[in-house]
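Predicted model only: the values in this text are computed from it and were never measured.
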Amino acid sequence: MNSQQQDKFTLINELARRRGFFWQSYEMYGGVSGFVTYGFLGARLKQNIEKKLRELFVNKLGIMEIEAPIIAPAKVFEASGHVDHFKEPMVECLKCGRRFRADHLLRESGKLSEAEAEKLNLKELKEAIEGHNVRCPECKGELGEPKYFLTMFKTTIGPYSEAVGYGRPEAAQNIFVEFRRLYETAREKLPFGVMQIGHALRNEISPRQGLIRLREFTIVDIEFFFDPEEPNCFLLKDFENETLRLVLAESRLRGSEDIIEVKVKEALEKSYIKVPWQAVFMTLAKKLLMELGVPSEKQRFIEKLPWERAHYSLQSFDQEVYVDRWGWIEVSGHAYRADYDLKQHMRFSGVDTQVFKEYERPVEAEKTIVKPLMTKLGPVFKDEAQKIAKMLEETKPEEVEVSFKEKGYYMLGEYKILPEHVEIRKRKVKEKGKRFIPHVVEPSFGSDRLVYVTLEYAYRVKEDRVILSFPRDIAPIQVGVYPLVSKDGLPEKAMQVYKMLVDEGFMVEYDEAGSIGRRYARADEAGIPLGITIDYETIKNDTVTIRDRDTWKQVRNHINVLPGLLHKYFQSKINFEDLGDLVK
RNA sequence: GCGGCCGUAGUCUAGCCUGGCAGGACAUCGGCCUCCCGAGCCGGCGACCCGGGUUCAAAUCCCGGCGGCCGCACCA
């Protein structure tokens with residue numbers, strides 16, 4: 001195969017394996033799809049990309065970063081809805097053992113529409129398969145019981161099989177389950193954001209797109225909490241004139257994927273994007289990708305259709321980047337999760353996830369209070385009285401009052417509460433504030449996908465040589481140091497320069513193997529932005545040449561000004577031409 | 001998960017049809033040479049995806065598995 005005919009995905013995967021950016025894990029045992037190991041260059045590239053995310057969100061926006069376990073007890077993902085939603089119905093042929101998506105068989109057999117088939121539960125699927133006499137499409141054998149294939153990794157915690165745990169399919173839930181403590185740490189003020197960068201696990205049925213779809217991958221989840229009654233974003237004025245390229249759900253429903261280019265301000269005025277904070281995060285995501293080397297015209301935000309959205313989301317945009325092989329692929333998702341998750345965890349755990357917000361001025365209001373009379377509840381409900389009292393406190397008093405008036409009793413779950421069990425009081429109160437569950441917008445990045453698109457957009461071919469033109473602030477190695485030839489004291493001098501730059505905190509590589517041209521070529525392929533060459537002039541006057549990876553131009557300057565200039569260069573405060581006098 | 005194609009050093013590949021010592025190129029390492037872009041010379045390391053079968057003998061033929069690519073499906 002000729003390298004010119006291959007697509008960039010293939011070229012990048014080959015280069016990645018050869019130069020040690022990443023490769024498929026467990027090759028020794030035949031390899032397992034969906035798992036990847038980053039080598040020296042790739043691990044550092046990924047760290048540098050994540051460092052940029054931290055600079056952007058943690059340093060500049062004050063979002064708090066946490067690090068929490070990958071394994072969670074089953075309850076967490078039961079509450080979050082993942083146990084119910086993160087699964088596909090499968091059915092196995094009793095004769096040949098092949099497995100199929102149960103709903104797809106029904107759809108393909110022409111008996112049901114896509115929407116109908118998707119709604120069925122296991123029992124209904126079984127009945128539909130039997131009722132329509134659907135058989136194995138391969139061998140016409142009889143089909144067994146439909147079963148769900150759970151796409152979360154399941155395990156047990158400790159030695160007891162009943163202690164079920166799941167590998168997290170997203171890093172978000174850690175933030176929701178720790179909400180109370182995080183809110184306290186944020187000094188009980190809204191809005192505030194929490195970020196987690198970590199591994200997530202999804203047992204994909206058939207992943208085979210390299211870094212694009214993995215079973216274990218790094219996810220960057222940010223949960224940004226705000227008061228739904230005050231959704232305005234104090235950063236909006238900095239971003240309202242930025243443009244976003246959107247593909248709206250309404251136009252997708254009309255069968256068009258046209259991209260509209262709108263200013264953030266307009267997107268909010270026209271309600272294309274429901275929450276201002278979400279628009280701001282989308283803008284930041286766009287800028288981030290540009291800094292990783294993806295031009296804005298190769299990016300778009302596509303609004304998910306209602307049935308494409310995750311179960312927790314009210315509005316979702318996927319940030320997509322155009323790549324050579326697959327066209328548009330998702331690099332980040334922006335979901336408006338509202339109060340879904342905190343509400344669910346409050347329901348399942350019984351822990352109050354509401355926040356209290358003080359009004360500027362107290363509001364006078366008449367309040368109905370249902371006070372449980374323990375002397376009455378105790379004898380009737382015995383040891384359940386405590387629990388009932390607590391449940392009554394969480395019930396809306398008005399509901400109880402209305403029910404007493406209409407029916408003479410109130411059903412609290414399975415408990416029948418009579419008027420004599422409680423005291424209903426009206427009281428004028430000064431409301432000092434309100435209690436509510438914060439809403440949340442979630443920007444979520446796939447770290448591995450960011451690495452991939454960075455590689456693809458850095459990939460260039462110049463005079464038949466491969467160059468990885470990484471933006472200078474994420475290059476895994478910053479500087480190469482080379483003696484022009486390995487004799488006459490040049491290597492010794494080069495080692496001095498190498499050590500000085502290492503001491504200055506740069507990522508430096510020393511190389512004296514082979515011809516100088518070969519070393520430059522190797523460095524270009526590893527994406528090293530600058531090459532410093534020690535030649536015979538260095539011996540005379542302590543000057544070196546500095547070579548630019550992308551243009552192959554060289555400048556010359558004194559060794560002792562290198563540290564200061566290089567620091568400025570890597571902070572993008574000066575350009576290559578400012579590093580010295582142009583050679584030739 | 002289904003169908004088609006495929007699997008030989010780090011990479012690309014010859015050999016497979018017709019069974020008989022697995023060869024080359026690039027990369028890499030050591031040496032020589034070398035005053036700025038994968039130069040040259042000498043030398044070294046390094047491979048038949050795994051398992052089973054047929055056979056005196058399997059990279060080669062057969063079966064199964066694993067993995068890859070393409071298409072379908074999936075991607076909450």
Visitor: With a 4.0 Å cut-off on N to O distance, would you call A:Arg252 and A:Glu308 a salt bridge?
Guide: yes

Visitor: Taking atom NZ as the centre, does A:Lys126 end up with more than 12 heavy-atom neighbours from other residues, nucleotides or ligands that are less than 6.0 angstrom away?
Guide: no

Visitor: Going by side-chain contact (heavy atoms from CB on, under 4.5 Å), name the residues that satisfy it together with A:Asn575, two or more places apart in sequence or in a different chain.
Guide: A:Arg472, A:Glu577, A:Asp578

Visitor: Mind checking the P distance from B:U11 to B:C48? Whole angstroms is fine.
Guide: 13 Å

Visitor: Please give the nucleotide sitting opposite B:C21 as a Watson-Crick or G-U wobble pair, both distances under 3.5 Å, or none.
Guide: none

Visitor: Considering only B:C75, B:G67, B:U34, which nucleotide approaches the side chain of A:Arg213 most closely?
Guide: B:C75

Visitor: Taking only side-chain nitrogens and oxygens of A:Gln24, does any of them come within less than 4.0 Å of OP1 or OP2 of B:G67?
Guide: no

Visitor: Hey, does A:Thr151 reach any base, or is it just sugar-phosphate, or nothing, if we go heavy atoms under 4.0 Å?
Guide: nothing

Visitor: Look through every strand shown and name the nucleotide pairing with B:G10 as Watson-Crick or G-U wobble, where both distances are under 3.5 Å.
Guide: B:C26

Visitor: Just how far, in rounded Å, is P of B:C75 from NZ of A:Lys87?
Guide: 14 Å

Visitor: A:Asp511 CG to B:U28 C1': how many Å, rounded?
Guide: 12 Å

Visitor: Roughly how many Å is it from CD1 in A:Ile12 to C1' in B:U11, rounded to a whole number?
Guide: 17 Å

Visitor: To the nearest angstrom, how far is A:Leu15 atom CG from B:C12 atom P?
Guide: 12 Å

Visitor: Is there a Watson-Crick or G-U wobble partner for B:G51 with both distances under 3.5 Å, and which nucleotide is it?
Guide: B:C63

Visitor: Between B:C74 atom P and A:Asn203 atom CG, what is the distance in whole Å?
Guide: 18 Å

Visitor: Grab the CH2-P distance between A:Trp326 and B:C72 for me, whole Å please.
Guide: 14 Å

Visitor: Taking the C1' atom in each of B:C63 and B:G10, what is the distance between them to the nearest angstrom?
Guide: 32 Å

Visitor: Atom CD of A:Glu512 to atom C1' of B:G31: distance rounded to whole Å?
Guide: 13 Å

Visitor: Between A:Glu170 (CD) and B:C75 (P), how many Å, whole number?
Guide: 16 Å

Visitor: Classify the angle between the aromatic ring planes of A:His311 and A:His82 as parallel (below 30°), tilted (30 to 60°) or perpendicular (above 60°).
Guide: perpendicular

Visitor: Kindly say whether the aromatic ring centers of A:Phe179 and A:Phe225 come within a distance under 6.0 Å.
Guide: yes

Visitor: Across all strands shown, which nucleotide pairs with B:G3 by Watson-Crick or G-U wobble geometry, both distances under 3.5 Å?
Guide: B:C70

Visitor: Using Watson-Crick or G-U wobble geometry with both distances under 3.5 Å, which nucleotide pairs with B:U34?
Guide: none

Visitor: List, one per line, each side-chain donor-acceptor pair under 3.5 Å for residues 479-496 of chain A, sequence neighbours excluded.
Guide:
from, atom 1, to, atom 2, distance (Å)
A:Asp488, OD2, A:Tyr536, OH, 2.3
A:Lys493, NZ, A:Asp542, OD1, 3.0

Visitor: Do A:Glu50 and A:Arg44 sit within salt-bridge range, that is, some charged N less than 4.0 Å from a carboxylate O?
Guide: no

Visitor: Can you give one letter per nucleotide of nucleotides 37-50 of chain B, 5' to 3': B if a protein heavy atom sits under 4.0 Å from the base, S if only from the sugar-phosphate, - if neither?
Guide: BBB-----------

